[in-house]
2 protein chains.
Amino acid sequence: MPTLNEVARRAGVTAATVSNVLRNRGRVGEETRQRVLEAVAALDYRPHLTARALAEGRAPTLALMVSSIANPFYPEFALAVERAARESGHFVIICNTNEDPLAGRAILQQIAGTLSEGVLVMNANLDFDDLHTTQANGTPVVLCMWERPDDPPGLPCVAVDFRLAGKLAGQHLIELGHTRIGAIVGSKSMGIHASRYDGFADAMREAGLDIVTTNTIHAPDTVQGGYAATFELLARDAGITAIFATNDLPALGAIDAAADMGRSVPHDLSIVGITDILLAQQWRPPLTTVAVPTVEAAGLAVALLREMIEEPQRAADRSNRRWRLLAASEPHLVVRGSTACCLRR
Amino acid sequence: MPTLNEVARRAGVTAATVSNVLRNRGRVGEETRQRVLEAVAALDYRPHLTARALAEGRAPTLALMVSSIANPFYPEFALAVERAARESGHFVIICNTNEDPLAGRAILQQIAGTLSEGVLVMNANLDFDDLHTTQANGTPVVLCMWERPDDPPGLPCVAVDFRLAGKLAGQHLIELGHTRIGAIVGSKSMGIHASRYDGFADAMREAGLDIVTTNTIHAPDTVQGGYAATFELLARDAGITAIFATNDLPALGAIDAAADMGRSVPHDLSIVGITDILLAQQWRPPLTTVAVPTVEAAGLAVALLREMIEEPQRAADRSNRRWRLLAASEPHLVVRGSTACCLRR
DNA sequence: GTGAAAGCGCTAACAC
DNA sequence: GTGTTAGCGCTTTCAC
């Protein structure tokens, strides 16, 4: 691969000049400009991203920390992140933490500031102290989907009102006449699903309904998790007519479980989730869910990160306010085939 | 972030020595060693991956080119790639080409050799000339799942016998007594599904069955694609009792389509796919499919890439043989709920 | 307008 | 064993 110097030699100029024309730094004679451009083309020169980053005092990538890219939600988000990142010329490194805070720390320590210029954190069960440390060490960190706007994390983040999402899901079920509702709550890495459940509880309370705590169950955030949880739930209380899940994947599992138990969805059992992943509309029956602005959040997260990287002046403000919060648009209900009026009265 | 020099100063030695102890280069006095280690710990020093790569004449990452990480197959593969890559200390950059050869070329030109030290190519609809060029420019390229062992691409690759996969799928259907079989063939980016279909044709031929070409249809490699294709297929020939799809996603769509047309799967229509993605077992009914060694292929691909990076002597051999081929284990049939005996005779 | 020189953080000969 | 020196490929300040 040709270097700047080789291009310079061929064009009869010096590396500095080539650099200047390549970055449109102006103050370059039109004629030299042409010669340089020709040399670049002739040699098929391409800037060495690693060297450039080093010279600029930057790191050449952005890191996206997720628990596992194999979780069907993340790829949709990762795709949006990559698109946004590419617009600012960044490549993105996907880091699977596998929900292990220690693994997460190890990765963070290796790449933060040395390979990645900024870190995007999608629910990856990271230690908050670790995140604060990397932030303090000068590598911007953005939490991609903060769930509790009322409880800021002390780190820059994009907030999504998941409490509202939970409430919308609950209200939908209640409006359909359901009163005995089971809840499947995601395992609480970073306590992340608490606010969703709080929103659900809000809806119940406002409707004057009791929350039967035994009808609430924690489960892994997977199809299988929801599947097993549904069996458990209906074993505890066969009178349940609807299930609220804090995430789509378990909701999908609940649909399967109902079918396997001989309960037809939505007529014998209504099911609602949160997020609206691609799979939700492809399931049978398609899942009623509360859609969350995933792509928008990805764009905002990258924008926030870029701003922190490019305008370190604001770092000063930040050190006062400690964090910035960008709010994404609000969740909204998407009614599909997994919910219906309660027949039992 | 502290640098090598700062650590050196604190330990009262020079940067070279610190480097030596950090990389266990030996020939360092035990006592100095301790002092250095203390300084490293005290300063919380971490090597600058970008600088290190530059000094070593390497690039700090591996690139994984996929058409879109949002396709449910890729994340499973990407996860396996990342695990394998991390073992050799590499981070991986996910590059979504969006099936656009020009976008793919642009990415390749930017990162090959400058940010990524090797390139893994999963079906991304890249221009082969571009791949040969990057390979020739000194950046190793590995094709992750080459479909036609009999038709080597002139590039190092991990081969999976997809022709056999297609044959196994066909044989399964035939053994169940099906004779009028529709085929949904993925859109032919890189001609990638041709061998799968060839395998299916092999099975048909060996069984003395005719292939009705109008019962073969091309469709995008998605659930929706398979859904629409199934309607089209049954409109053309209502007598079809089974469908072979060259990929799981369209097969899943076929299941949905059958349900929406009032045909029960598997009794009115049997459906088989290829790959065995996670979703296959979660669908209703669960998909019968031919499993392909995804994780193994990922491991082999990374291993091959590493070898090419680390032992450039072999590059010489390579220039003779032009490419190397690693074969993954063979595909095998996984019978689930989407296939049954043909009732119509 | 263009070049010379220093430096980003690190590694790798080689000398002592 | 440890230090010195040069250099990876690039950017940037500052002379000229």
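- Using modelled atom types and a 3.5 Å distance limit, the side chains of S329(B) and E296(B) yield a donor-acceptor pair.
- Atom-to-atom, CE of M1(B) to P of dG9(C) comes out at 9 Å; the value is rounded to the nearest Å.
- In this structure, R58(A) atom CZ and dG9(D) atom C1' are separated by 15 Å, rounded to whole Å.
- To the nearest angstrom, P of dG9(C) lies 14 Å from CZ of R46(B).
- Not one N or O on the side chain of T134(B) forms a donor-acceptor pair closer than 3.5 Å with the backbone of A112(B).
- In this entry the distance linking CZ of R33(B) with P of dT2(D) reads 11 Å, nearest Å.
- Distance from the side chain of A16(B) is smallest for dA12(C) among the nucleotides dA12(C), dA4(C), dT11(D).
- Here R52(B) does not reach the OP1 or OP2 of dG9(C): none of its side-chain N or O atoms lies under 4.0 Å away.
- G57(A) comes within 4.0 angstrom of no nucleic acid atom, judged by non-hydrogen atoms across all strands.
- With distances taken from any side-chain atom of V13(A) to the nucleotides dG3(C), dC10(C), dT11(D), the minimum falls on dG3(C).
- Both N20(A) and G29(B) sit near DNA chain D, but only G29(B) has its closest nucleotide nearer the 5' end.
- Side-chain nitrogen and oxygen atoms of T14(B) include none within less than 4.0 Å of the OP1 or OP2 phosphate oxygen of dT2(D).
- Distances shown here put a side-chain N or O of S19(A) below 4.0 Å from the OP1 or OP2 atom of dT11(D).
- Protein atom CD of E56(A) is 21 Å distant from nucleotide atom P of dA6(C), rounded to whole Å.
- The closest side-chain heavy-atom distance from M145(B) to N123(B) is not below 4.5 Å.
- Residue contacts for T32(A): at a heavy-atom cut-off of 4.0 Å it reaches the sugar-phosphate backbone alone, with no base atom in range.
- Between the CZ atom of R9(B) and the P atom of dC10(C) there is a distance of 12 Å, rounded to whole Å.
- Closest to the side chain of V28(B), from the set dC10(C), dT2(D), dC10(D), is dT2(D).
- Each of A51(B) and R25(A) has a nearest nucleotide on DNA chain D; the 5'-most of these lies closest to A51(B).
- Backbone-only contact: T3(A) has heavy atoms under 4.0 Å from sugar-phosphate atoms and none from a base.
- Rounded to an integer number of Å, the gap from CD of E30(B) to C1' of dG1(D) is 12 Å.
- Taking the C1' atoms as reference points, dA6(C) lies 16 Å from dT5(D), given to the whole Å.
- Considering E31(B), E30(B), E38(B) in turn, E30(B) is the only one that fulfils the side-chain hydrogen bond (donor to acceptor under 3.5 Å, both in side chains) rule with Q34(B).
- Counting to the nearest Å, the P atom of dC8(C) and the CG atom of L49(B) are 19 Å from each other.
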(Q) Show, in sequence, the C-alpha distance, side-chain angles and deciding distance for V302(A) and V92(A), and conclude whether the side-chain contact (heavy atoms from CB on, under 4.5 Å) test is met. (A) CA-CA 11 Å; V302(A) 172; V92(A) 1; over 6 Å; no
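- The distance from atom CZ of R46(B) to atom CG of L22(B), rounded to the nearest 0.5 Å, is 12.5 Å.
- Comparing dT11(D), dG9(D), dA12(C) against the side chain of R23(A) picks out dT11(D) as the nearest.
- Taking the side chain of H48(B) as heavy atoms from C-beta on, and the options dT11(C), dG9(C), dC8(C), the nearest nucleotide is dG9(C).
- In this structure, the nucleotide among dT2(C), dC10(C), dA12(C) sitting nearest to the side chain of T17(A) is dT2(C).
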